[in-house]
Amino acid sequence: MSDPQNQIARLRAEIAEHDRRYYQAAQPVIDDQAYDRLKATLAKLEAAHPEFDFAASPTQTVGDDRLDAFASYRHRQPMLSLDNTYSAAELMEFGQRLLRRFPDQTLTYLVEPKIDGVAVSLTYEDGRLVRAVSRGNGIEGDDITQNVRTIRDIPDHIADAPAILEVRGEIYMRHQTFEQINAAREAAGQPLFANPRNLAAGTIKLLDPAEARQRPLNIVLYGIGACEPGNYFTAQSEIQDKLKDWHFPVLEKVWLANGIEAAWGCIEELDTMRQSFAYPTDGAVVKLNQFALQAEAGYTSKAPRWAIAYKFEAERAETRLKEISLQIGRTGAVTPVAILEPVQLAGTTVSRATLHNEDEIRRKDIRPGDTVLVQKAGEIIPQVLSVNLDQRPADSQPFDFGAHLKALGIEAERDPSQAVWRIVRQDDPVRQQRALQHFASRACMDIENLGTAVVEQLVQRGLAQTPADLYRLSESDLLNLDKFAEKSAQNLILALEASKQRALWQLIHGLGIPQVGKQSAKDLEASFASLEAIANASEEQLEAVDGIGTIMAQSIHAWFANPDNQALVQQLQAHGLNLQSSRTQSSGGPLDGKIFVLTGSLPNLTRDEATQMIEAAGGRTSSSVSKKTDYLLAGEAAGSKHSKAEKLGVPILDEAAFRALLEA
Ligand code: IVH
């Protein structure tokens with residue numbers, strides 16, 4: 001057992017890493033309950049050892065969601081977190097503490113659903129929405145106005161409003177939307193999003209609002225930050241009604257309770273009805289109702305002393321794992337899925353659970369026929385937590401991934417750098433289908449009328465195996481397919497023709513090189529003159545590109561070294577597809593080849609408008625400041641990019657200087 005100082009340091013580092021994954025990457029690797037347990041262990045240790053300075057400990061600070069690519073903005077009133085508990089006894093202690101503080105009062109609490117979304121603060125000035133900011137570190141957050149404006153239920157104007165008003169709430173994604181998005185991804189052979197909360201968090205931090213619009217989000221508001229003049233409210237319970245008057249979406253139900261025991265009764269009632277709410281509800285927030293008492297109770301460094309979150313335990317159930325099914329993705333990656341005896345969990349019937357990869361199966365020693373504990377927390381995709389060894393059949397054998405693949409006739413190899421098995425044969429029909437679906441998808445070559453059903457028929461009938469085959473298709477080939485008439489065949493031929501002019505990054509993304517997603521494809525286009533230059537680049541040259549790491553560089557290099565892929569690239573070239581980077585296609589514009597980074601809000605231009613102006617003048621934008629950046633276009637609240645540009649000597653332009661440059 002290590003000494004407490006070491007243990008504290010290790011836990012702090014571990015929690016900081018989980019915070020980064022949850023708040024910044026929107027890709028947590030542990031569930032809320034496991035995270036809260038880690039934090040509770042750390043808090044206990046710190047309480048026993050006050051000698052180890054803990055001002056900066058994650059137990060005392062608010063998890064930070066800020067990203068470099070966004071301008072930061074200071075909240076007028078801090079956005080704090082909440083202390084939380086899973087225990088009714090601790091909720092009672094919270095009530096007792098407040099009673100000791102206010103002995104002569106009847107304490108009234110407002111009990112609200114706790115929404116499992118992403119916190120946001122909307123600023124209205126003279127009744128007009130001017131800004132949306134994420135929680136950030138509680139003091140300053142990211143300016144996410146552009147993406148938040150894509151949420152339809154936010155009023156742009158509110159009547160009879162105070163001069164300055166910060167409205168606080170949560171952005172979330174409806175279950176139904178989430179399921180639709182994942183179904184489309186599954187059909188396209190793309191990896192699935194883990195849960196609505198992570199998808200919502202990732203979506204509001206997309207750099208392209210047009211892309212954010214493709215993933216509909218909702219919002220619910222429950223609180224007020226700054227309010228000037230400040231005589232609007234005297235109690236928490238008044239906020240809901242006022243927000244409703246202003247046409248904000250509000251909580252479906254809140255309860256006023258006299259005393260903490262009554263509040264507990266409301267929480268129990270909430271638990272019975274929360275499945276029917278539009279938003280994911282993972283607990284209750286109990287708030288002392290009167291603002292005068294809230295002010296007296298005050299705050300710790302990260303949370304109010306007048307409120308607490310009670311979180312419901314994630315739902316778990318035991319069921320039998322019937323088989324481990326292996327699914328094939330666009331790059332030929334094989335993903336294991338548990339096929340379960342259907343079981344009721346968190347309001348839905350669960351019959352599948354993710355098993356992640358071979359190592360996960362081995363670590364938990366999960367075997368077909370086992371009775372397993374399944375959990376569905378915030379995750380829509382349930383997880384297998386553990387195996388009930390008492391129920392294991394006597395003849396059970398460990399799951400042998402490789403042997404299983406062989407038995408299914410799938411020729412796959414394990415990627416030495418990862419836990420992933422991948423199909424070896426390029427001509428495996430399922431792999432071909434996934435690859436073509438991906439190539440044709442919106443985020444890649446955007447080929448209209450080339451959906452899953454068409455791709456499936458093309459592969460099954462031997463009409464297309466690789467993307468190059470698509471460009472050989474004739475109208476008469478297509479007329480033989482189900483549901484194809486002359487018009488639809490012509491349309492598809494036209495769509496294929498149009499796709500030849502797509503930007504290079506769309507083609508790179510469409511090729512399905514393992515590890516290379518949309519952003520990396522854009523990074524590659526920005527750094528090389530053509531696909532040929534990328535194909536000829538060494539691993540070192542690839543790794544020198546901003547945003548490309550060692551593993552990705554190796555993967556790209558290996559992909560282009562494969563003779564089948566070399567032949568594919570040659571054929572695409574022969575069909576006349578665009579293989580040139582837009583940076584080499586000289587526009588003759590005043591910003592030809594110049595790389596801009598945008599930060600902060602400009603007085604008269606949105607980020608989109610500025611980007612369009614830069615691109616129309618022959619320049620391009622990048623997400624981060626580096627030595628290669630030609631200009632930083634900086635508005636109000638420019639944040640960390642401003643200081644980085646200053647450090648690197650990158651010229652910084654305001655809107656006026658930018659316009660002057662365009663006219664030069
Ligand atoms: S009140 C000063 N009410 O939960 C405290 N927060 O775990 C302000 N949350 O940061 C928060 N539902 O993002 C409040 N009904 C609700 C909530 C709620 C969800 C979020 C909020 C907060 C986090 C803390």
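Every number for a ligand or one of its atoms is a count from 1 in the order of the listing.
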Asker: With only distance considered, is Tyr299 within less than 3.5 Å of ligand 1 through an N or O on each side?
Answerer: no

Asker: Between Lys287 and ligand 1, which part of the residue brings a heavy atom under 4.0 Å of the ligand: side chain, backbone, both or neither?
Answerer: side chain

Asker: Could you check whether any heavy atom of Arg168 sits closer than 4.0 Å to an atom of ligand 1, since that is the contact criterion I want to use?
Answerer: no

Asker: What protein heavy atom lies closest to atom 8 (C) of ligand 1? Include the residue and the distance to one decimal.
Answerer: Leu80 O, 4.3 Å

Asker: Rounded to the nearest 0.5 Å, what separation is found between the CZ atom of Phe291 and the CD atom of Glu296?
Answerer: 15.0 Å

Asker: Say whether Trp306, considering both its backbone and side-chain N or O atoms, lies within less than 3.5 Å of an N or O atom on ligand 1.
Answerer: no

Asker: Does one side chain, of Tyr232 or Glu238, offer a donor that lies under 3.5 Å from an acceptor on the other?
Answerer: no

Asker: May I ask you to identify the nearest protein heavy atom to atom 12 (N) of ligand 1, giving residue, atom name and distance to one decimal place in Å?
Answerer: Ile115 N, 3.0 Å

Asker: Do Tyr86 and Asp36 pair up side chain to side chain, a donor and an acceptor below 3.5 Å, judged on atom types alone?
Answerer: yes

Asker: For atom 21 (C) of ligand 1, grab the closest protein heavy atom and report residue, atom and distance to one decimal in Å.
Answerer: Glu170 OE2, 3.0 Å

Asker: Between Tyr109 and Phe94, how do the two ring planes meet: parallel, tilted or perpendicular, split at 30° and 60°?
Answerer: tilted

Asker: If you have a sec, work out which protein heavy atom is nearest atom 23 (C) of ligand 1 and how many Å separate them, to one decimal?
Answerer: Lys114 NZ, 3.9 Å

Asker: Within 45 degrees of the ring normal and closer than 6.0 Å to the centroid, is that where the cationic atom of Arg131 sits relative to Tyr73?
Answerer: yes

Asker: For ligand 1 and Ala119, I'd like to know whether there is a polar contact (N/O to N/O, distance under 3.5 Å).
Answerer: no

Asker: Find the distance between CZ (Arg274) and CD1 (Ile115) and round it off to the nearest 0.5 Å.
Answerer: 13.0 Å

Asker: Please determine if Leu82 has a nitrogen or oxygen closer than 3.5 Å to a nitrogen or oxygen of ligand 1.
Answerer: no

Asker: Does one side chain, of Tyr35 or Asp19, offer a donor that lies under 3.5 Å from an acceptor on the other?
Answerer: yes

Asker: Is the NZ or CZ atom of Lys242 positioned over Trp246's six-membered ring, under 6.0 angstrom from the centre and within 45° of the axis?
Answerer: yes

Asker: Please work out whether any backbone atom (N, CA, C, O) or any side-chain heavy atom from C-beta onward of Arg135 is under 4.0 Å from ligand 1, and answer side chain, backbone, both or neither.
Answerer: side chain

Asker: Touching ligand 1 at all, Pro113? Heavy atoms, strictly under 4.0 Å?
Answerer: yes

Asker: Considering distance alone, does some N or O of Glu112 sit under 3.5 Å from an N or O of ligand 1?
Answerer: yes

Asker: Tell me whether the NZ or CZ atom of Arg197 lies within the 45° cone about the ring axis of Tyr22 and under 6.0 Å from its centre.
Answerer: yes

Asker: For the residue pair Ser72 / Arg66, report whether a side-chain donor-acceptor contact shorter than 3.5 Å exists.
Answerer: no

Asker: Considering only non-hydrogen protein atoms, determine which one is nearest to atom 18 (C) of ligand 1 and report residue, atom name and distance to 0.1 Å.
Answerer: Tyr222 OH, 3.2 Å

Asker: Is ligand 1 less than 4.0 angstrom away from at least one heavy atom of Pro304?
Answerer: yes

